[in-house]
Amino acid sequence: MEFINGTMKIVKKNDDISDYYNNIVDYYKKQFFYFAAKLLLNLNNQSYIISFNNYNEFDKKVNTMKSRCFQFMFYIIRYYKDTLTQDDEISKVFLNVLFEGLKTLEFIVKDKLVHTQNLDENEYPDYGYTSFICSLMDYILIVLTLDFVIVQYSNNIKT
Amino acid sequence: MKKDGRDFHNIIFDITTKFQVWSIKTKAGKLIKVFSDKYTGLGEFIINFYLQLLDYIISSQSGQVNLEDYNLLQLNSPYEVISKLSSEKIIEATLLVFNILTQTVLKQNITPLFTLIFQRNLPKLYLIQDDLVKEKICLLLGNFIDNIYLYDKNAKEFQQGVEFLFECLFQFNNNQGLSYQAANSIKDLIYVKKYSNIFNNVLSKCFSDIALSIKENENTIFFDVLLEIVLFIDNTDYTLEICKEITLRILKEIKTPSRKNLNLDFEYNDYINKCFNVLKAVTENKTICNTYYVKFITLITFIIYF
């Protein structure tokens, strides 16, 4: 603790360590983010992110894991929300996931509508579909309400 | 919906207003609401689309209509998906969307079209026998009846809406969710002073049923409706009758608690608490207290010494 011009100021002795620590955390956060995105997009080489194979156990495992990836990405985006710009490397990744997510949601609504209609009524075994769709919608919600995404979309509409 | 009305009512409240439950419908409701707030003009587009859809579906049930008259339905993507559903499902979803976007519906450029479409179609909607649709109509009437029908000009149609709500209120044994929703909507309307004439007219037709059902009714919001009748409908006969029946209900609850409260302590019995709230409200009515205080005190002491 030092007194500068009569006012008390706390001086950190370990500023360098704290910066170093923050950089490492930041680095790993981004690496995990890329990893989660990779898992979401490439896991079972299907055209859509969701696994919808006639209600089997494989669906359950894949969809549960993918829901967690979405939730993880959701928190990372929320963490960087105020500082993100269009040119960040991370932005390109989550926009890519967003477009795949939107395609998937369209597929669910168009082709699996009857099934998803009944999800709430427990008439069919769920196999992770509800959790996946909810996580996907949360993800879409947070990405499409980022300021620079709104600007970009409104520019696209104008042009 | 049919077995646990309170839960069902909470779910619908969550889908339209709170957005906290982890379910697909809630998430969809939140998406619609947040996007409408963030993207200028999107809310208006959604409302216009669903108004056209509702009008088209209802009109096509009663006769031939031309799809080309509805310009927004020409957009292939949304209509293609929606047209796979049954008409009841479409109407239910449409009504739900209006209740999610309440603020947008009340915007100046939307309200006239909204009013027009509903003035034309509400009487036909009342005839649909699907409980989920009825429940959404109750929700809609609670939020928008004063926007759809001007009190001065459309008193008859307004009254028809209120009668529909009371009709649904009495459906508790068949469908608890519907009864809860109707009670909630009545509760939201009954305290408005200028509607007291309409409520007086409707109550003159159905008050005997209300009084009869006090003994058995397990809809907790029903007791809030009674409370508001006592507070806002200035009718001594109704108040006295309610007072009498409520007292009997308290005695019944003490002797044999209702199903839902069987495992609970006497002090936590919801119905008893609600009944006492009604009695407390009676004491706020000076005319009744001055005239009938001896009778009233006798009733209360009877409960105390029981």
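To find a chain, count down the sequence lines: A is the first, B the second, and so on, and within it residues start at 1. Just so it is clear, the model here is predicted, and its values are computed rather than measured.
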Assess whether atom [atom1] of [X] is packed by more than 12 heavy atoms of other residues, nucleotides or ligands within 6.0 Å.
{"X": "B/Lys18", "atom1": "NZ", "result": "no"}
{"X": "A/Gln31", "atom1": "CD", "result": "yes"}
{"X": "B/Gln103", "atom1": "CD", "result": "no"}
{"X": "A/Lys60", "atom1": "NZ", "result": "no"}
{"X": "B/Lys274", "atom1": "NZ", "result": "yes"}
{"X": "A/Tyr28", "atom1": "OH", "result": "no"}

Rounded to the nearest 0.5 Å, what's the gap from [atom1] on [X] to [atom2] on [Y]? Could you check?
{"X": "B/Phe35", "Y": "A/Ile140", "atom1": "CZ", "atom2": "CD1", "value": "7.0 Å"}
{"X": "B/Lys25", "Y": "A/Ile133", "atom1": "NZ", "atom2": "CD1", "value": "12.5 Å"}
{"X": "B/Lys27", "Y": "A/Leu141", "atom1": "NZ", "atom2": "CG", "value": "8.5 Å"}

For a quick test of reading the model, state the closest non-hydrogen atom pair linking [X] to [Y] and the distance between them.
{"X": "B/Tyr39", "Y": "A/Ile150", "value": "OH-CG1, 3.8 Å"}
{"X": "A/Cys134", "Y": "B/Ser23", "value": "SG-C, 3.5 Å"}
{"X": "A/Met137", "Y": "B/Ala28", "value": "CE-N, 3.8 Å"}

Is it the side chain or the backbone of A/Leu136 that comes within 4.5 Å of chain B heavy atoms, both, or neither?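 Contact with chain B is absent: no heavy atom of A/Leu136 under 4.5 Å.
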Would you mind telling me which of B/Leu31, B/Thr26, B/Val34 has the largest number of heavy-atom pairs within less than 4.5 Å of chain A?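 Heavy-atom pair counts peak at B/Leu31.
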